[in-house]
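Here the structure is laid out as structure tokens; the discussion comes afterwards.
Remember, it's a predicted structure, so these values are computed and weren't measured experimentally. These values consider heavy atoms only, across backbone and side chains, with no hydrogens, waters or symmetry-generated copies.
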Amino acid sequence: AGWQRTGATFAAWSSQPAAEFAPVCRFYGNPAVDGNGRRLGPNSHFYTIEPAECEQVRQDPGWLHEGTAFHARRLQAGACPAPLRPLYRAYNNGFPTKDSNPRLATDRALLEALQPAGWTIEGAVMCVP
């Protein structure tokens, strides 16, 4: 409830096109339940290209690592080399209610429109074509 498709998409590589491109880890919220019958993880996906972040989320029992989703390029000094463009990530701050939902977009304005609803713009997280 409350979600609708925007039609916004981005491209990426299904395999590693060159050494400077890295795998993007894909996680899904753990559907198992705890002793109180509450789901361990959110009904959502999370993506990261950063190895340390990927390892940190792997250790979180609320997330299941699904493998490599796609390949992209890591930011260099906070920017993307031409002709690549940044992929931005926003977060709905839903951890307390087990309703965490990150969102990715190449159009930062699309994510900024979510700020009045309490979302945090995490900024550019990787580079895509």
Side-chain angles (χ1 to χ4, degrees):
W3 288 96
Q4 70 180 44
R5 294 192 180 276
T6 64
T9 63
F10 63 90
W13 293 269
S14 59
S15 60
Q16 189 173 14
E20 62 269 15
F21 292 83
V24 174
C25 294
R26 176 181 158 139
F27 294 90
Y28 180 69
N30 189 343
V33 295
D34 64 16
N36 297 317
R38 294 185 337 202
R39 187 182 163 118
L40 292 177
N43 182 15
S44 185
H45 283 93
F46 176 76
Y47 300 86
T48 181
I49 195 170
E50 296 300 328
E53 187 175 44
C54 182
E55 187 55 35
Q56 179 183 359
V57 178
R58 277 183 193 228
Q59 303 306 315
D60 185 332
W63 293 100
L64 299 176
H65 183 244
E66 294 185 317
T68 298
F70 55 89
H71 289 76
R73 184 135 182 212
R74 292 178 70 197
L75 297 166
Q76 297 176 323
C80 294
L84 302 178
R85 61 186 176 160
L87 185 64
Y88 301 98
R89 188 171 67 202
Y91 172 59
N92 73 338
N93 297 302
F95 176 77
T97 60
K98 298 232 188 266
D99 187 33
S100 295
N101 281 292
R103 185 167 180 190
L104 300 171
T106 55
D107 181 357
R108 186 179 171 98
L110 184 67
L111 300 180
E112 288 172 348
L114 300 172
Q115 284 181 302
W119 288 65
T120 298
I121 308 303
E122 295 179 342
V125 293
M126 64 188 84
C127 305
V128 295

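- P129 and R85 get closest at one heavy-atom pair: O-NE, 3.3 Å.
- Across I121 and E112, no two heavy atoms sit closer than the pair CD1-N, 3.8 Å.
- Although no hydrogens or angles enter the test, the distance criterion places no donor-acceptor pair under 3.5 Å between the side chain of N36 and the main chain of R38.
- Contact detail for A72 and V128: the closest heavy-atom pair is CB-CG1, 4.2 Å.
- Across all non-hydrogen atoms, the minimal contact from C80 to L75 is SG-CD2, 3.7 Å.
- Formation of a donor-acceptor pair under 3.5 Å by the R108 side chain with backbone atoms of L111 is not found in this model.
- Below 30°, between 30° and 60°, or above 60°: for F10 and F70 the angle between ring planes is above 60°, a perpendicular geometry.
- Between A8 and L110, the closest heavy-atom pair is CB-CD2, 4.0 Å.
- Without hydrogens or angle criteria, R39 side chain to G29 main chain gives a donor-acceptor distance under 3.5 Å.
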* Full working for side chain to side chain contact (heavy atoms under 4.5 Å, CB included) between F46 and D60 -> CA-CA 12 Å; F46 176 76; D60 185 332; over 6 Å; no
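- In this structure, I49 and C127 have side chains that are not in contact, with every pair of non-hydrogen atoms separated by 4.5 Å or more.
- Distance alone, capped at 3.5 Å, places no donor-acceptor pair between the N101 side chain and the N92 backbone.
- A perpendicular orientation is assigned to the rings of W63 and F27, their planes being inclined by more than 60° (bins at 30° and 60°).
- Rounded to the nearest 0.5 angstrom, E55 CD and T48 OG1 are separated by 11.5 Å.
- Interatomic distance, CD of E50 versus CE of M126, reported as 8.5 Å (0.5 Å rounding).
- Of the possible polar contacts, one joining the R89 side chain to the Y47 backbone as a donor-acceptor pair under 3.5 Å is found.
- To the nearest 0.5 Å, the span separating CG on N30 from CG on L64 amounts to 4.0 Å.
- Proximity of C54 to H65: side-chain heavy atoms (C-beta onward) are separated by under 4.5 Å at one or more points.
- Minimum interatomic distance between A19 and Q16 (heavy atoms only, all atoms of both residues): O-NE2, 3.6 Å.
- Crowding of Q56 atom CD: a count of heavy atoms from other residues, nucleotides or ligands under 6.0 Å not exceeding 12.
- Residues P17 and R73 fail the side-chain proximity criterion, which asks for heavy atoms closer than 4.5 Å.
- Note on L114 and Y88: same hydrophobic cluster, where clusters join Ile, Leu, Val, Met, Phe, Trp and Tyr whose side-chain heavy atoms are under 4.5 Å apart, directly or indirectly.
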